[in-house]
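Throughout, protein chains are lettered first and strands after them, A, B, ... in sequence-line order, and every chain is numbered starting at 1.
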Amino acid sequence: MRFSKMFIPTLREAPADAEAISHILMLRAGYVRQLASGLYIFLPLGWRVLDKIDAILKEEMEAIEAQEISMPILHPAEIWQQTGRWDIIGGEMFRLKDRNERDFCLGMTHEEIMTWLASREIRSYRDLPQVWFQIQTKLRDEARPKSGVLRTREFIMKDSYSFDADEEGLDRNYQLHADAYHRIFNRCGLRFMQVESDPGMMGGGYSHEFMAPSPAGEDQVALCPGCGYSANVELALSIPHKTEDREWQTEEVHTPEKRTIHEVTTFLKLSPEFFIKSVLVISDNGPVLALVRGDQEVHEKKLAKVIGQHRPAQKVEVKEILGVEAGFIGPMGHQNLRIVGDTCLQEGTYVSGANKQHYHVKGIKAERDFTAEWHDIHIAKQGEACTKCGAGLNVERVIEIGNIFKLGTKYSEALKAVFLDEHGNEKPIIMGSYGIGPARIAAAAIEQNNDKDGIIWPRSIAPFNVELIPLNMNDKATVETAEKLYHELKKNYIEVLMDDRDERAGVKFKDADLIGIPVQIIIGEKNLREGLVEIKDRKTKEAVRVKVEEVIEKTRALMTS
RNA sequence: CGGGGCGUAGCGCAGUCCGGUAGCGCACACGGUUCGGGACCGUGGGGUCGAAGGUUCAAAUCCUUUCGCCCCGACCA
């Protein structure tokens with residue numbers, strides 16, 4: 001392509017409402033434009049990148065014998081009603097009616113529709129397994145779109161679905177996808193990791209997420225440098241460092257108006273790890289008291305795994321249920337109250353609220369003074385010990401770039417997607433679903449590969465292989481050489497963008513660095529007089545001067561290095 | 001949904017407190033000089049100040065309502 005003909009609206013200044021590096025650079029380098037909150041236009045360069053990623057996705061999906069299909073994004077409500085998700089999912093689903101007042105929604109994902117198809121077409125175990133995938137638009141009315149293309153309301157997703165006759169088949173397809181995902185993200189040049197994750201509203205029991213480390217990420221994962229344990233902090237297990245065990249006598253302490261952990265620790269001159277934080281929540285089955293150590297926080301999702309959906313209690317509810325004001329609650333002496341305590345509280349001696357206005361109690365021990373159901377319900381923090389090997393965990397911020405779920409029979413049962421096994425028994429198909437967000441791969445690649453001048457694309461997903469930069473378009477020899485190289489590169493299947501604009505050298509260099517094509521071939525008058533051009537690596541900024549005749553060969557070498 | 005911020009030329013911003021001619025830089029167009037890291041000089045075009053209503057002789061500026069966008073949190077197949 002010729003730069004002069006291609007729509008590449010680069011920006012000298014970053015638009016004020018962009019924050020994430022990938023967002024700023026995608027806008028500045030002319031890859032995307034925003035239409036509205038959470039809606040992005042992919043410009044020619046941006047679309048080329050997505051094309052590159054899609055090509056890799058298709059290759060690797062086909063390598064595990066997944067078959068590409070394409071499904072509508074407009075879905076009749078009935079199918080979503082049959083699985084219950086029409087009602088479970090709230091404002092996140094775009095809903096609409098057709099001219100006959102029939103309910104529809106825009107697809108947030110395609111479990112329902114894929115399963116519907118399977119239910120109609122699959123009869124026998126002989127039809128299984130099947131793996132179907134598509135690269136298709138999804139729509140979700142996100143509560144808060146953010147960070148450019150990282151969280152949008154309309155986005156493209158590679159989603160695949162496996163259909164198996166038995167658990168072994170599901171395990172195999174799950175593993176095939178995990179392996180394919182590793183190849184995909186490696187090929188896309190990303191640093192990433194696979195972590196255990198919470199299946200959330202997908203249902204089913206088992207899932208992993210693929211995470212690309214980046215400060216722009218929304219998720220956090222805990223990683224063990226010792227044994228390789230890795231999990232989303234939503235479920236990562238960790239052992240907080242032990243507290244020094246103080247042999248306090250049990251005694252009430254007057255703590256007037258000291259309600260928060262901070263206030264009480266300051267007042268008693270004790271660090272927070274000597275306290276028990278008692279939090280009252282209201283679950284579907286009534287109030288539950290959750291206990292964590294004073295230096296810890298309750299993780300809502302971990303708690304939800306134990307007690308189901310819940311919400312924090314209001315101040316008045318605390319007083320009604322416990323008979324004492326929030327701030328002075330403790331775990332002792334409650335009847336008919338479910339108490340869930342973080343495992344680390346089983347050891348040690350603590351201070352907690354005395355269930356008495358303006359008093360705390362010092363010298364409390366688990367099992368002697370109170371009891372609870374013990375679960376890991378605290379948020380894993382940097383430096384806490386791995387439950388498997390004891391090494392200190394690292395907590396890192398990450399972008400979720402893919403996920404894999406074992407769905408089991410949740411959708412097949414609801415939609416009656418059944419088959420007859422070899423004994424003639426009717427059984428629900430066992431399913432898995434597997435997603436990857438191409439735009440997130442692109443954003444993560446930028447987040448992980450940029451410098452002060454702009455993007456540095458991994459070679460595999462760059463919009464072009466090389467950018468050809470004739471510096472002076474008014475110099476006849478320069479232009480002739482540029483044209484010659486341009487055609488030669490194309491003839492050799494090297495994708496080339498030639499900056500044939502009549503711009504000053506500085507502008508071309510700045511734009512080239514911003515756009516981030518990994519190899520630059522620079523044609524300047526002085527070098528050309530010696531029959532030389534420069535080949536420059538975008539990443540290292542190192543340039544070598546080579547003979548014009550050797551350009552193809554040297555470029556090849558750089559492209560594959 | 002809670003909290004915060006912002007809407008003035010294509011982009012980045014000033015002007016708003018204290019009402020009185022709508023400005024600056026970049027970009028754009030034209031002429032000239034320049035030409036290996038976002039050139040310089042000159043000339044010029046471009047704005048219903050997010051929208052609606054109100055106060056006032058007079059509103060970008062004050063009041064009310066509303067819409068949009070960003071950030072933090074909640075939420076998140």
Reckon [X] touches a base, only the sugar-phosphate, or nothing at all at heavy-atom distances under 4.0 Å?
X: A:Met93; answer: nothing
X: A:Leu514; answer: base
X: A:Arg28; answer: base
X: A:Gln34; answer: sugar-phosphate
X: A:Asn403; answer: base
X: A:Ser147; answer: sugar-phosphate

Nearest-Å distance, [atom1] ([X]) to [atom2] ([N])?
X: A:Gln520; N: B:rG37; atom1: CD; atom2: C1'; result: 11 Å
X: A:Glu525; N: B:rG36; atom1: CD; atom2: C1'; result: 10 Å
X: A:Arg12; N: B:rG37; atom1: CZ; atom2: C1'; result: 12 Å
X: A:Phe3; N: B:rG38; atom1: CZ; atom2: P; result: 16 Å
X: A:Asn527; N: B:rG36; atom1: CG; atom2: C1'; result: 10 Å
X: A:Lys146; N: B:rG3; atom1: NZ; atom2: P; result: 19 Å
X: A:Arg440; N: B:rC76; atom1: CZ; atom2: P; result: 15 Å
X: A:Arg545; N: B:rG36; atom1: CZ; atom2: C1'; result: 13 Å

Check: Quick one: on RNA chain B, does A:Ala505 or A:Lys301 contact a more 5' nucleotide (nearest heavy atom)?
Finding: A:Ala505
Next item on the list: Map A:Leu11 and A:Met157 onto RNA chain B by nearest heavy atom, then report which one ends up closer to the 5' terminus.
Entry: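 This one resolves to A:Leu11.
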Next item on the list: May I ask you to check whether A:Tyr434 and A:Tyr181 place their ring centres under 6.0 Å from each other?
Entry: no
Next item on the list: Decide if the gap between the ring center of A:Tyr40 and the ring center of A:His23 is smaller than 6.0 angstrom.
Entry: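 Ring-ring flag for A:Tyr40/A:His23: true, centres closer than 6.0 Å.
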Look at [X] and [N] and indicate whether a side-chain polar atom (N or O) is within less than 4.0 Å of OP1 or OP2.
X: A:Arg504; N: B:rA39; value: yes
X: A:Thr10; N: B:rG38; value: no
X: A:Arg140; N: B:rC76; value: no
X: A:Arg144; N: B:rC75; value: no

Check: Of the candidate nucleotides B:rG36, B:rA74, B:rC70, which contains the atom at the shortest distance from the side chain of A:Ile522?
Finding: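 Selected nucleotide: B:rG36.
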Next item on the list: When you get a sec, tell me which of B:rC69, B:rC75, B:rC76 is the closest nucleotide to the side chain of A:Glu92?
Entry: B:rC76
Do we get [X] above [Y]'s six-membered ring, with its NZ or CZ under 6.0 Å from the centre and within 45° of the axis?
X: A:Arg95; Y: A:Trp86; answer: yes
X: A:Lys536; Y: A:Phe509; answer: yes
X: A:Lys406; Y: A:Tyr174; answer: yes

Watson-Crick or G-U wobble partner for [N], using a 3.5 Å limit on both distances?
N: B:rU48; answer: none
N: B:rU34; answer: none
N: B:rA29; answer: B:rU43
N: B:rC69; answer: B:rG5
N: B:rC18; answer: none
N: B:rG53; answer: B:rC63

Taking the [atom1] atom of each, how far is [N] from [M], in whole Å?
N: B:rC41; M: B:rC49; atom1: C1'; value: 32 Å
N: B:rG50; M: B:rC13; atom1: P; value: 15 Å
N: B:rG19; M: B:rG2; atom1: P; value: 34 Å
N: B:rG47; M: B:rA14; atom1: C1'; value: 15 Å
N: B:rU64; M: B:rC26; atom1: C1'; value: 37 Å
N: B:rC1; M: B:rU48; atom1: C1'; value: 35 Å
N: B:rG7; M: B:rC11; atom1: P; value: 14 Å

[X] side-chain N/O to [Y] backbone N/O, donor-acceptor pair under 3.5 Å:
X: A:Lys158; Y: A:Asp54; result: no
X: A:Asp342; Y: A:His378; result: yes
X: A:Gln134; Y: A:Met71; result: yes
X: A:Gln382; Y: A:Val395; result: yes

Notebook entry, point to check: Should A:Lys302 and A:Asp376 count as an ion pair when the cut-off is N to O under 4.0 Å?
Noted result: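 Result for this pair is yes, salt bridge flagged.
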Could you check whether the side chain of [X] and the base of [N] have a donor-acceptor pair of N or O atoms closer than 3.5 Å, going by distance alone?
X: A:Asp511; N: B:rG38; value: yes
X: A:Glu503; N: B:rG37; value: no
X: A:Asp513; N: B:rG37; value: yes

N/O contacts under 3.5 Å, protein versus nucleotides 12-15 of chain B?
from, atom 1, to, atom 2, distance (Å)
B:rG12, OP1, A:Ala16, N, 2.7
B:rG12, O2', A:Glu13, OE2, 3.3

